[in-house]
Amino acid sequence: MSRIVVEVMPKPEILDPLGKAINNALPDFGFDAFTDVRQGKRFELTVDGDITDAVLAQAKEAAEKVFANTVVENVINVYVADDQAGVA
Amino acid sequence: MSRIVVEVMPKPEILDPLGKAINNALPDFGFDAFTDVRQGKRFELTVDGDITDAVLAQAKEAAEKVFANTVVENVINVYVADDQAGVA
Amino acid sequence: MTTELPLVGDYSTDSVADSGLRVGVAVFPGTLGDRDITRALTRHGIEAVQLWHRDTDLQDVDAVILPGGSSYGDYLRPGALAANAPLIKAIKAGVEKGLAVLGTGNGFQILTEAGLLPGAFKMNDSARYHNSAETLTVANNSTAFTKDFSKDERIVLPLSVGYGNYWVDEATAAELAENNQIVLRYAENPHGSTQAIAGVANREGNVVGLLPQAEYAIEAGFGPSTDGARVFTSLLSSLAGGK
Amino acid sequence: MTDTPEFNIDTVDNAAGTPNESQPWAELGLKENEYEEIRKILGRRPTAGELAMYSVMWSEHCSYKSSKVHLRQFGDKVTEKMKENMLVGIGQNAGVTDLGDGWAVTFKVESHNSPSYIEPFQGAATGIGGIVRDIISMGARPIAVLDALRLGKIDHPDTKRVLHGAVAGLSHYGNTLGVPGIGGELVFDSSYQGNPLVNAMAIGVMRHEDIHLANASGVGNKVLLYGARTGADGIGGASVLASESFDDSKEVERPTVQAGDPFTEKSLIEATLELFSNDLVEGIQDLGAAGISCATSELASNGEGGMHIELTNVICRDEGMTPGEILMSESQERMMAVIPPQNVDKVEGILNKWDVEYAWLGEVTDTGRLIIDWDGETIVDVDPRTVAHDGPVYDRPYQRPAFQDELQANTFRSAVTDLPSTGDELKAATLDLLGSANLCSKKWVTDQFDSRVQGNTTMSAPDDAGVVRVDENTNMGVAGTMDCNARYVYLDPYHGSQLALAESYRNIATAGAVPVAVSDCLNYGSPENPETMWQFAESIRGLADGCQELEVPVTGGNVSLYNQTNGVDIFPTPVIGVLGRFDDVTRRTESGWTADQDGAAIYLMGT
Ligand SMILES: Nc1ncnc2c1ncn2[C@@H]1O[C@H](COP(=O)(O)OP(=O)(O)O)[C@@H](O)[C@H]1O
C-alpha cells in the first residue's frame, strides 16, 4: 500500500475568507509572528500496491480535474509520500 | 518575506466524510487507481523577514492550538517553505 | 431507471391548466430541492420528470432544472462531485442541441463545476453560511427563465448559501457583460461576488444559473415574495411558444 | 470485508470455565452491585462482549436508572382527554400524535451536551443527526429542527469556541440534510461555563399507515444493519461521556469523538423512507448511544425476544476492531431494520440505488435469547430484556437544598436599592436590557440556518414559534417551540418548570396553533447529590401536574444528568418543547408590529 499526496492552494490573487478569519483570530491566541494566512487543501490518495508512472499520471490528472477547481485554485504539488507522511 | 507550511490531516480513526465521498465519485471522472482518499488542510503562514527558531516554534504551537483541532485532527508537518512552494 | 420520491402533498393540478410540457428535475445524492422544484412546476401546469444522476436518458423533456441543496453534501467543493455524473454528460449533449437548462442554488454551482457556465464559487466573505432574502435587479430578461421579468426590474428572492461568492476574472466579467450573459445582480452584494453577479447565462443563452432560489418564492406566506413564480411562467411561455 | 482478525475471543464457554477472571467493570462505569447483578442474571461471569453491552446499556444515559421512578408520573397523570390524539406514547423512539386526515406527527428533544463541550462542531452536528434518526425510525419524514443552546458568559474566552463551533455544527448538519431550522433558544450564563447544553428537537410527519416501531418480530425475519461503516469512534462514549464530569485540575479528557456525515444521513433518510413506502420493513431502530448493543437488545426485547446474529458480518471502517468495540461503537448514520426474507432483494435494490452500504447480520428467533456469534463462536448469550429494559433502577434519596430558603429570600428588591425612576434612567435601563447578551437579536445565529428548504416554512426566527405546513392541499400544519428559564427553575423547581412549560405553550398559542403534545429534555447535575435529585424530582412533579392542567401529554423526551463542573451543578434546566397544530397555517400570527398596522390598538392580556 502506498500513498500519493496532492496539495491545492487558492490562487494568489483570490481572497481567501478562511485564511483571513484565522489570521484575524491568531492574535487572540497570542500569536503575532504572522502577517498572512492562506488555507488550502491536502489530499492523501491510497494506492493498492506500488505507485507506477501510470498511477502518478492519473493522480496528476485527477488533481487538475477533480481535487482543484483551477478557476480559483492551483495544484501546487503531487508527490509520492514517504512512509512517514503516509502513516501520519 | 518567508513562508511556513502547516499540514493537518483528520485522525486516522476519525471518519473523514469528505474523503469518502470524493473516493466514491472518482470513478465517474474516470479515475480508478485509488482505494482511499483523505482530505486534510494545508496552511501557508507569511512571516515578515526571516524565520527564526522562535517564529518556527510559534508556528508549531499555533499549529496545535489553532490550525488543527487536535480532538479530531493531527498536525503532521510544520516546515519552512522553499521559494518554490512559497510562490505557488 | 427513474426515481420516485414521496411528496409531502399531492400537488393536484385541478386548478391549473395542463400545459403539456415536461421538465426534467435532476436528482443527485444529497439534492434537497427536487421536491420544491417539482412543486413549483406542478403548480404551473408543467409535468416534472425525475432524472436520476446515473441516468443517461433525458426522457424527451422540454427543459431541465438542476435543483438546489447539497449534492454529495457539498463535499470537496459545492457541485464538484456531481459535475461528472452520467446525467451531466447527457445534459451537456442536450445543451449542444439547444436544450434549456436552469441551475438554481447548488444547481448553479454544479453547472459551473461542469463547465457549462463560466466562473467558480468561493466561500462567503463572512466565512459563514447565510440565509437571507435579497433584492436583485434583472439584467437579462431574454432567457427562457427570465422572460416574464422586465429589464432592470427589482425583485426579491431568497438566498441560502455557504459558498455564495461567485468569482470570475476581470476579463471574463467584461466579456459576460458585453455578451449580455449577466442575468441577475444583487442590489447589495452579500457575499462578495464579482460585479455583484447573482445569475449568469452561457453565451448561447440556453443555460442559466441563478444562485437565489426562485422555487422558495412562489406562494404568498411561504417565502419573502412571489417573484420567483415568474421564473416558471417564463419557462411556460417560452417553451409553449416552441411547441 | 478483510479476513476476520485473530483475537483471544472470550466465548460464553470460556466465561463459564473461568469464573474468577478479573474484569474491568469499574472502568466501564459499572458499580460493584451492578456487576454482581449481571453475574446473577447470567449465572456466570459475563463475557467481554456481554460486559460491554451491559455497561453501556446500564449507563445512566441509556437506562434512565436514576430518573425512571420519577418519569413514571408522565404516564400516571394522563387523562382520557390527553390520550385522545396519542397514537404512540412514551417508550418508543419518539411519541406520535394524530393530526387528522390520516396524518401523524412525531417529535422529540435530545441532548448532546458533553460531546459539544469536547468538540463543539462535531458534538452539535451529531446531535442533529441523532435526533433526526429517531424521527425517521418512527416512519416519518423530518420536516423541521429546533435547537436550545446554553453557554457560559458571553465574554469568557472559552465561550467563543463553544458557541461558534456549536452553531456552525448545527447549521452544517441541518442545512446539508435539508431540514429547515425553524427556531430555538440561546442563553448565556456562567452556570454553563464548563458544561454547555446543546439540545436539539426534530419534528417529522407521516401517514398513519407508515408508523413504524422498534420491534423485532416474525421468526425468521432478517436483521439488517445499514448506513455508515462501524468505526472505533465514540467507544465507551455512552457511559463515559454521560457519567463523568470534567475537572479543570487535569487536562480535559478527550475521548474519541464522532464525526458527523450529513450527506450519508441524507441518503439514509431517502433510502429509509423508500423502504417504508414500499412496505418492506417489519421493525426498525436507529443506532445512537450504545450502537449495536442497544439496537439488538431493544429490537429483540420489544419483539418476540429472540435474535441471533453473526458479528463478523458488520462492515467495519477500521481493521482489527474487537467484538466489544463493535458492540459499543457509536458511529453515526447507521440504522438497524428487521426485514421479512421475501423482501430482501427489494431492500437491497433500494439501498444500492442510494449508495447506502449494508450487511445482513442474522435473524429473529423465538428462543427468548439474544445470541451473538463471532466467527461461529458464541460470545453473547443473554435475555435481551435484562440488557435493554430490566436494568438497575434507583430511587435515589432527595432533599430540599439547604440554600433554598436563603436563595428565595434574596429577592431583586432586597438586593437593589437604586431602582431607575426618572424617564432618562428608565430609558437607559431599557436600552441596557435590549442590548444584553440574552435579550439582543439572535439574527447572526438564526441566519446560519436554512429556514426555507422543503418549501413549507411559513414562520421561523425571530417569531415566537416556527410554523411549517404539513398538507399542501388543506394547509394543515404544525408549530414548534423550545423554552426554559432555568433561573426560575433554580429558585423553585416545581413552579419554575411549570413556567417553562407555560412559556413554550404560550408561544404555540400566540402563533395561532393549538398545543397538542410536549417533549422535554431534562438537564441536571449529579443524581447522586440529594439536593440535585430534589430539583429533578420537583421539576418532574411540576411538569406532570402542569401538563395535566393544560391537558397536553408528554410524548417523549430525554434526561441528561451529571451536568456539573468541579462538583458544581448547572442550573436545573428542563427545556420544554411544545408542538401545536394548525387547521390552516396561513392563519398564523407573527410576533411584532409592522408599519402597516399603524394605529392598531395594543392590549396586555393575562394576570
Ligand atoms: N424527560 C423525559 N420525559 C418523557 N419521556 C422521556 C424523557 N426522557 C426519556 N423519555 C422517554 O424514554 C424513552 C427512552 O428514551 P430514549 O431517549 O429513546 O433512549 P435512548 O437514549 O436510548 O434514545 C423514550 O420514549 C423517551 O421519549
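Below, chain A is the first sequence line, B the second, and so on; all start at residue 1. Treat the numbers as computed from the prediction; the structure is a model and nothing was measured.
- In this structure, C/Arg128 contributes its side chain and D/Val445 its backbone to no donor-acceptor pair below 3.5 Å.
- The minimum heavy-atom distance linking D/Arg452 with C/Pro224 is given by the pair NE-CD, 4.0 Å.
- In this structure, D/Asn352 and C/Arg54 approach most closely via the heavy-atom pair O-NH2, 3.8 Å.
- Using bins of under 30°, 30° to 60° and over 60° for the plane-to-plane angle, the ring pair C/Tyr72/D/Phe263 lands in the tilted bin.
- In terms of heavy-atom pairs under 4.5 angstrom with chain C, the leader among D/Asn175, D/Thr457, D/Thr586 is D/Asn175.
- More than 12 heavy atoms of other residues, nucleotides or ligands lie within 6.0 Å of CG in D/Asp596, so this atom counts as buried by the packing criterion.
- Contacts of C/Gln213 with chain D are absent, with no heavy-atom separation under 4.5 Å from either backbone or side chain.
- Across all their heavy atoms, D/Pro262 and C/Tyr75 have their closest contact at CD-OH, 3.2 Å.
- For D/Lys442, the NZ atom is densely surrounded, since the number of other residues' heavy atoms within 6.0 Å is greater than 12.
- In terms of modelled atom types and a separation under 3.5 Å, the side chain of D/Thr458 and the main chain of C/Phe222 share no donor-acceptor contact.
- For C/Thr31 against D/Lys266, the heavy-atom pair with the smallest separation is O-CE, 3.3 Å.
- Heavy-atom neighbours of D/Gln597 CD from other residues, nucleotides or ligands within 6.0 Å: above the threshold of 12.
- The ring-ring contact (aromatic ring centres under 6.0 Å, His included) pairs that include a residue from residues 26-47 of chain C are C/His44-C/Phe232, where partners are two or more places apart or lie in different chains.
- Heavy atoms of D/Thr176 lying under 4.5 Å from chain C belong to its backbone as well as its side chain.
- Both the backbone and the side chain of C/Ala133 have a heavy atom closer than 4.5 Å to some heavy atom of chain D.
- Chosen from D/Asp261, D/Asp450, D/Val585, the residue pairing most often with chain C at heavy-atom distances under 4.5 Å is D/Asp450.
- Salt bridge annotation for D/Glu472-C/Arg43: absent, with no cationic side-chain nitrogen under 4.0 angstrom from a carboxylate oxygen.
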What's the verdict on side chain to side chain contact (heavy atoms under 4.5 Å, CB included) for D/Asp447 and C/Tyr129, showing C-alpha distance, side-chain angles and the deciding distance? CA-CA 8 Å; D/Asp447 277 356; C/Tyr129 188 97; over 6 Å; no

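- Using modelled atom types, one side-chain atom of C/Asn131 and one backbone atom of D/Phe449 make a donor-acceptor pair closer than 3.5 Å.
- The interface of residues 177-185 of chain D with chain C, defined by heavy-atom distances below 4.5 Å, comprises D/Leu177, D/Gly178.
- Near-neighbour residues of residues 155-162 of chain C relative to chain D, defined by a heavy atom under 4.5 Å from a heavy atom of that chain, comprise C/Pro158, C/Leu159, C/Ser160.
- For D/Arg588, the part sitting under 4.5 Å from any heavy atom of chain C is the side chain, from C-beta outward, and nothing else.
- Within residues 460-467 of chain D, no residue has any heavy atom under 4.5 Å from a heavy atom of chain C.
- In this structure, the separation between CD on D/Glu270 and CG on C/Asp34 is 7.0 Å, given to the nearest 0.5 Å.
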